[in-house]
Structures are given as structure tokens and as C-alpha cells.
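Note sheet for the following structure.
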2 protein chains.
Amino acid sequence: MRDKAVTREKIMRAAETVFAAKGYHETLMEEIGQTSRTSKGAIYFHFPSKEQLFFALMDRLAQALRREVERELTRRQGALDKVQGALEAVFKSLGRHRRLAKILLLQGYGLGPAFEAKRLEIYQQFASLIQQHLTEAVREGSIPALDAEVTAYAWLGAINELIVRWLLTGAPDPWERALPALSRLFLRSIGAPAPSER
Amino acid sequence: MRDKAVTREKIMRAAETVFAAKGYHETLMEEIGQTSRTSKGAIYFHFPSKEQLFFALMDRLAQALRREVERELTRRQGALDKVQGALEAVFKSLGRHRRLAKILLLQGYGLGPAFEAKRLEIYQQFASLIQQHLTEAVREGSIPALDAEVTAYAWLGAINELIVRWLLTGAPDPWERALPALSRLFLRSIGAPAPSER
DNA sequence: TCTTACAAACCGACCGGTCGGTTTGTAGTT
DNA sequence: AACTACAAACCGACCGGTCGGTTTGTAAGA
């Protein structure tokens, strides 16, 4: 018996590559089959539909990213430091995995209700994470009171836009140039004491 | 002879409605024909392809929005006030025209290179507008020096995310609740003196 | 009569999904 | 060990609906 998990993994990796390169609609199941060196039949054995394959991919990627962020959160001390650490984790992780970033940030917008729902679900997870730590920072007295929900989504949107632009145009080059500016922008935006330049 | 311009306008209005409601791929040319009470033939008489029709729409909408923003800019005095006025203009305008917002903000993401290029082009126009006034504000001495490019795109992204979320989920309800929070967030983010609550 | 501005029937490439068949591993039997 | 019986995993030719685009027809104005 061939190993089910191995084939499934091959398919998901191939799907990641192809979806990231071509976008959802331009991607053919046939091509994922070829790229994974399996077949269309194998894909439909493991996944009920193209859409479900795509969602499975989004879930996995979001989970991986969240894990990296959470790991960073436990490392840092103090709410403000955590906020900054989480941001850096997101940037660095997405910077390293451009395919991942393209799928998470770029797809799932204009592709219909099901995709939009999925994207909202995932973004909400990250927004909660941010909100939680913002509220904590307020309680700590590190920053003045604010609307944590609006702030969280504003930050997510800012990150999204900058990374998407970087993915598509390459600017700014090198990417890291933007990080300190954005970091200061964010911390200022919540009335935090300006961090020392790194 | 029927009036060419009138038919063209009918088509664009119908396209606006249908694209906003269904997204690019789910929209059928046939349906735009019916909605506009013309026909598919008429559409292809006026536009060379579905894609070009969509782009024409994006251009027109972006232009209209830019005009509203610029009008507001000339009304206000002082760089900071202009920044705030422009933001409000964008919110209010997009809030009033949800279909417009859906097309400009939601479509053009995962739809392939041509769409991405178009979106980048339009966003760049707005980013320039913001950058220009930020730089002016710095020169005026109203705010400390900053990376105007990063700031501009961060703001655009934040606006985008919040409006998209509002369009898709209805939260926050009413929408205006978010405006003062976001306005303060933005002004703080550039080190501007906190504005008096409006 | 000639052109313009459409209307409507039509075409055919494309592609997600299906399904009959094949391969490969496994468990039971002798 | 060898053979049988079976099932899980996989392959890929094929189908059928869909939809962007084209062609052909036609009414009306110049």
C-alpha cells in the first residue's frame, strides 16, 4: 500500500506552488497532478473538490504562521515587547515564505462568498491575538485606552498591503528597510513610548 | 441612430452592479447585457473584452473617488487638517457607494497578474496623494520626519481592511463608530498632536 | 443605399469532476 | 514460502456543461 499521508503531502506542496504562482482560477487540477507527480485522480481521492483543497491549504498555512507568532509571543516579556515581536515574526515568516504569503494575503478576496468567509475566519484569528495583547498592554498601563478591534484590523490591513506590494513589485528592496518604519508607526499609533531604533 | 454614449453608460452602470454583487468570475456577460437592458452584442460593440470592461470600470470609479478626495483637500487648511479631511472623504464616499467599494477594494486581488497590475496602479495614485501631503506636513513642521511611503501604504491597507470587513460582515455597525478611532490612530501614528474629538 | 448600432443565435475551447480499470500492499491460508 | 483474495490507493481518458467571444441579421438614421 502506498503511504496515504505521503501522497497527500506531495499534493499539498504542489498545490501550494501552483496556486501561489497562478492564482486560484488559473490553476488547473491537471497541473497540480503533474507538479506533484501524482495524478488528478489521486487528488480527487484525497480531496473532494478544488475549493476544499484550497481551503485545506489556507488552514495549514495560517496555522503555521500562527504558531510562529505565538512562539515569539511567549519568548518576549511585557505587552509592548510582545506586540513588536509578533509583528516581526509575521514579517520575517512571510518574507521567507513568499508562496505562503501570496496565498494567504492575495487569494481569497474576489473569489466569491466561500473564499471571503474563509479569509475573514483566518484574519479574525490573528485579530484576536492582537486585540488580546493590546488590551493587556492597556491594563498594564503601558498605553492609553483605545479601540482594540479597530486597531487590530488596521494593523492587519497595513501589514497586508505592504507585503502584497512587496510581493508584486519587489519594493521596498530590501524588504527589511520597511520594518523599522512600520514598527515605529504601529507603536506610535497606540501611543506607546517611541522604541529605541534597532 | 441610438445614442452611443447612452448605451455605453447603461452598460457600465449595469456592470458596476453585477460585478459588485457577484465578483468578476461569477459575473456573466450575458447577465450584464440583461441588466443593462441591452445585449451581449452591444457590450462587445463598446468594449473589446470582459477584462477591459472591468478595467474601464475600475478607472472610472477610482477617478471619481480621487476627485472627491481632492475637493476635500482644497477645502481644508493646513496639512494635518487636509490629511484628516481626505480620510473622512474616502470613508464617507465608500460608505455611501458600497458597490463601488466592493469593486475597488475587493476585486483585483487574486485574479491574476493583469488585475494585480491595475490595482497597484490605482493604489499608487492614492498613495502619492497621501505621501505628498505627509511630506508637506513634515516641511510645515507639523509632524516629525517619517517614511512617507511606508506610511501611505500602511494607511491605505488599514482603510482597505476595515472597509472590506465592514462590507462583508457589517461590523462595526454603524460604520461611523470606527471613524474617530481610526482617525486618532492615524494621526497618532505620524506623531501628530491628538485632535480634539469631533 | 450605405453606415452605424445594436440584437440574438451560435460556436467551440476549456476544465472540473467522474469512473472503469490498474497497481500495490496486506492478511489469511496452506 | 507461496499462493489467493481482497481492499486501498491511484491513474487518466473521457464527459458535459459553461461562457467568452464571434458571426450574422436588421432596424434606423444619414
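Letters A, B, ... mirror the listed sequences (proteins, then strands); counts begin at 1.
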Quick one: [X] [atom1] to [N] [atom2], roughly how many Å, whole number?
X	N	atom1	atom2	result
A:Ile43	C:dG17	CD1	P	11 Å
B:Ile11	C:dC6	CD1	C1'	9 Å
B:Tyr44	C:dT4	OH	C1'	21 Å
A:Phe47	C:dT18	CZ	P	16 Å
B:Phe45	D:dT26	CZ	P	18 Å

| Just wondering, more than 12 heavy atoms not from A:Arg13 lying within 6.0 Å of its CZ? |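 No, CZ of A:Arg13 has 12 or fewer neighbouring heavy atoms, counting only those of other groups under 6.0 Å.
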
| Under 6.0 Å from the CZ atom of A:Arg60, do we count more than 12 heavy atoms belonging to anything else shown? |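 Enclosed: over 12 neighbouring heavy atoms sit under 6.0 Å from CZ of A:Arg60.
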
| query | Using a distance-only test with no angle check, is there a side-chain donor-acceptor pair under 3.5 angstrom linking A:Glu88 and A:Ser183? | reply |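 No - no donor-acceptor pair under 3.5 Å links their side chains.
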
| said: If hydrophobic clusters are built from ILVMFWY residues whose side chains come within less than 4.5 Å, do B:Trp166 and A:Leu120 share one? | reply: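 Hydrophobic grouping puts B:Trp166 with A:Leu120.
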
| field | Comparing B:Ser49 and A:Arg8 on DNA chain D - which has the more 5′ nearest nucleotide | value |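 Checking each residue's closest nucleotide, the 5'-ward one belongs to A:Arg8.
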
| said: Is there a side-chain contact between B:Thr7 and the phosphate of C:dC6, meaning an N or O under 4.0 Å from OP1 or OP2? | reply: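 For C:dC6, OP1 or OP2 has a side-chain N or O of B:Thr7 closer than 4.0 Å.
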
| By a strict heavy-atom criterion of less than 4.0 Å, which residues belonging to residues 18-40 of chain B are in contact with DNA chain C? |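 Correct list: B:Thr38, B:Ser39.
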
| task | Specify whether A:Tyr24 and A:Phe54 have parallel, tilted or perpendicular ring planes, treating 30° as the upper limit for parallel and 60° as the lower limit for perpendicular. | result |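 Judged by the thresholds at 30° and 60°, the geometry between A:Tyr24 and A:Phe54 is perpendicular.
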
| request: Between A:Pro48 and B:Gly41, name the one whose nearest nucleotide on DNA chain C is closer to the 5' end. | output: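 Comparing both residues, the 5'-ward one is B:Gly41.
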
| field | Full working for side chain to side chain contact (heavy atoms under 4.5 Å, CB included) between B:Arg188 and A:Ile190 | value | CA-CA 7 Å; B:Arg188 264 186 186 158; A:Ile190 54 174; 5.5 Å; no

| Which nucleotide in the list D:dC10, D:dG21, C:dG17 gets nearest to the side chain of A:Lys50? |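 My answer, after comparing the listed nucleotides, is C:dG17.
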
